[in-house]
Structure formats: structure tokens, C-alpha cells
Asker: 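Here it is, the structure in full.
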Amino acid sequence: EIDDDILWIGTVNGFNLFDRKTESFTHYTTPLYEADRRFDIQEMRLDSKGRLWFNTLSRIGWFDIDKKIFHFVDASFPTFSFDVTSDDRILITSKEGKLIEYFPETNTFEAISSLEENPWYSRVYWGPHSNKLWSKAIDKSAVTDTKNLFIPRLPEDVEPLSFLEIDDDI
């Protein structure tokens, strides 16, 4: 939800924009996914530059909300999970068990850490109130450069599928 009037919805065939004022939907997809008719949006995040970041079953990319254009990160990069920090850093976990920062301006990646155990438990979540990156599987001893990220490890008995950090003033 961008504001009180606009709601973005990720689906198996792209994005749908719901305009509450007109009570109408506008559908956005890309020819890249028309061949197999599946887009499969898994995660969506909005950055401060008006880019709607998304993760599908096979890739990560962003949708320029103003220009209505899709952009995709290198298809050979096996993304599992991602989040966007408060200062627009793109942090990704790969299917191979790496925590990586992606730089869209240069289309480059930088490894930050490897992940312990099974990389399929390697979801990451950015806490907008705590300014912390949360994960089940990040090995802090293997972190080479967190660039001021604080990475608390979740307890062993916690298996997060989703994460929502709320302001403690609520």
C-alpha cells in the first residue's frame, strides 16, 4: 500500500494496481513471463525511489512505478529472499546460502556472509523500527562486512515464514 488511494497486489501473473478512488484495477505484466504464463510474485517491497522490488520463484527485479517498466537482475543469480533497508540497500539471500548486497545502479553484487545449515531457511527481514536485519540462518562469525548491519539470530525453535516489526509506541 503506497498511500490511502493506491494498493499494489502481487499475483501469479504480475502486478495489479487497485485505485480506491475509482475502485478499478490496472494489470501490469511483462513478456518475459508470458511464455509460461506465471509470474509468481513471492515478496514485494517499495523503496524511497519509487521502485517496487519483487522476488519471483526464479528472479529478483523491480518495477518503476512512474515509468511502468520492469527491470530484472541477472537471471543466473539464484535469489531466495530479499528485503530493502530504510536507506534503500537491497539485501538478498541466494539459493546457495549467501547473504549479498545488490547495487542496482551498477548491476553488481557484493557478498556479505554465508548462511549456516540449509539455505532454504535463509529468509531475511529488515526491521524498519529497529534498523536491524533479521534472519534464521546468518552465521555472524562468517560475516565479512555488515556495513553497520546488526544481525540478531532468531532462536532455534522459530521458523519464520513472514516477519512484521511494529513500532513499540503502538
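Residues: numbered from 1 along the sequence shown. Owing to the predicted nature of the structure, the values given are computational and were not obtained by experimental measurement.
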Asker: Apply side-chain contact (heavy atoms from CB on, under 4.5 Å) to the pair I60 and Y102, showing each step before the final yes or no.
Answerer: CA-CA 10 Å; I60 188 173; Y102 173 66; 6.0 Å; no
Asker: Could R45 and F82 be counted as a cation-pi pair, given that NZ or CZ must be under 6.0 Å from the ring centre and within 45° of the axis?
Answerer: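 Checked: cation-pi criterion met.
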Asker: Does the side chain of I92 reach to within under 4.5 Å of the side chain of E101, using non-hydrogen atoms?
Answerer: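 When only atoms from C-beta onward are counted, E101 and I92 do not touch, as no gap falls below 4.5 Å.
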Asker: Are F54 and F63, when compared by the centres of their aromatic rings, separated by less than 6.0 Å?
Answerer: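 When the ring centroids of F54 and F63 are compared, they turn out to be at least 6.0 Å apart.
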Asker: Is there a path of hydrophobic side-chain contacts, each under 4.5 Å between heavy atoms of I/L/V/M/F/W/Y residues, joining F25 to L7?
Answerer: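 Yes, same cluster.
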Asker: Does any donor atom in the side chain of T56 or Q42 lie under 3.5 Å from an acceptor atom in the other side chain?
Answerer: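 No - no donor-acceptor pair under 3.5 Å links their side chains.
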Asker: Salt-bridge test for K21 and D5: reply yes if a basic N is under 4.0 Å from a carboxylate O, no otherwise.
Answerer: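 Answer for the salt bridge query: yes.
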Asker: If you look at every heavy atom in D66 and D64, which pair is closest and at what distance?
Answerer: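 Of all heavy-atom pairs spanning D66 and D64, the closest is N-OD1, 3.0 Å.
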Asker: Quick one: do Y28 and I6 end up in the same hydrophobic cluster if we chain Ile, Leu, Val, Met, Phe, Trp and Tyr together by side-chain heavy atoms under 4.5 Å apart?
Answerer: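 Both belong to a single hydrophobic cluster.
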Asker: Quick one: are F109 and V73 in side-chain contact, heavy atoms under 4.5 Å?
Answerer: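 A side-chain contact exists here, since the closest heavy-atom pair is under 4.5 Å.
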Asker: Run the numbers on N13 and H27 for side-chain contact (heavy atoms from CB on, under 4.5 Å), then give the verdict.
Answerer: CA-CA 9 Å; N13 62 353; H27 179 73; 3.5 Å; yes
Asker: Could you tell me the separation between the CZ atom of F70 and the OG1 atom of T29, rounded to the nearest 0.5 Å?
Answerer: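 Answer for the CZ-OG1 pair, F70 versus T29, is 5.5 Å.
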Asker: Please round to the nearest 0.5 Å and tell me the distance separating atom CD1 of I90 and atom CZ of F103.
Answerer: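 If we round to the nearest 0.5 Å, I90:CD1 and F103:CZ are 10.0 Å apart.
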Asker: Between G10 and F15, what is the shortest heavy-atom contact and its length?
Answerer: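 Residues G10 and F15, closest heavy atoms: CA-CD2, 4.1 Å.
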Asker: Atom OG1 of T26 and atom NZ of K68: how far apart are they, to the nearest 0.5 Å?
Answerer: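 Atom-to-atom, T26:OG1 and K68:NZ are 8.5 Å apart.
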Asker: Checking side-chain contact (heavy atoms from CB on, under 4.5 Å) for the pair W8/N16: CA distance, chi angles, key distance, verdict?
Answerer: CA-CA 6 Å; W8 285 94; N16 288 284; over 6 Å; no
Asker: Between CG of L46 and CH2 of W53, what distance do you get to the nearest 0.5 Å?
Answerer: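 So the CG of L46 and the CH2 of W53 are separated by 11.5 Å.
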Asker: Given the rule in the side-chain contact (heavy atoms from CB on, under 4.5 Å) test, do T85 and L91 qualify, once you have shown the distances and angles that lead to the verdict?
Answerer: CA-CA 8 Å; T85 68; L91 301 171; 3.5 Å; yes
Asker: Could you state the interatomic distance from CG (L52) to CD1 (I65), rounded to the nearest 0.5 Å?
Answerer: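 The CD1 atom of I65 is 5.0 Å from CG of L52, to the nearest 0.5 Å.
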Asker: Do the side chains of E105 and R89 get close enough for a salt bridge, i.e. N-O under 4.0 angstrom?
Answerer: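 So E105 does not pair with R89 through a salt bridge.
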Asker: I need the D47 CG to S86 OG distance, nearest 0.5 Å.
Answerer: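 Nearest 0.5 Å value for the CG-OG distance: 11.5 Å.
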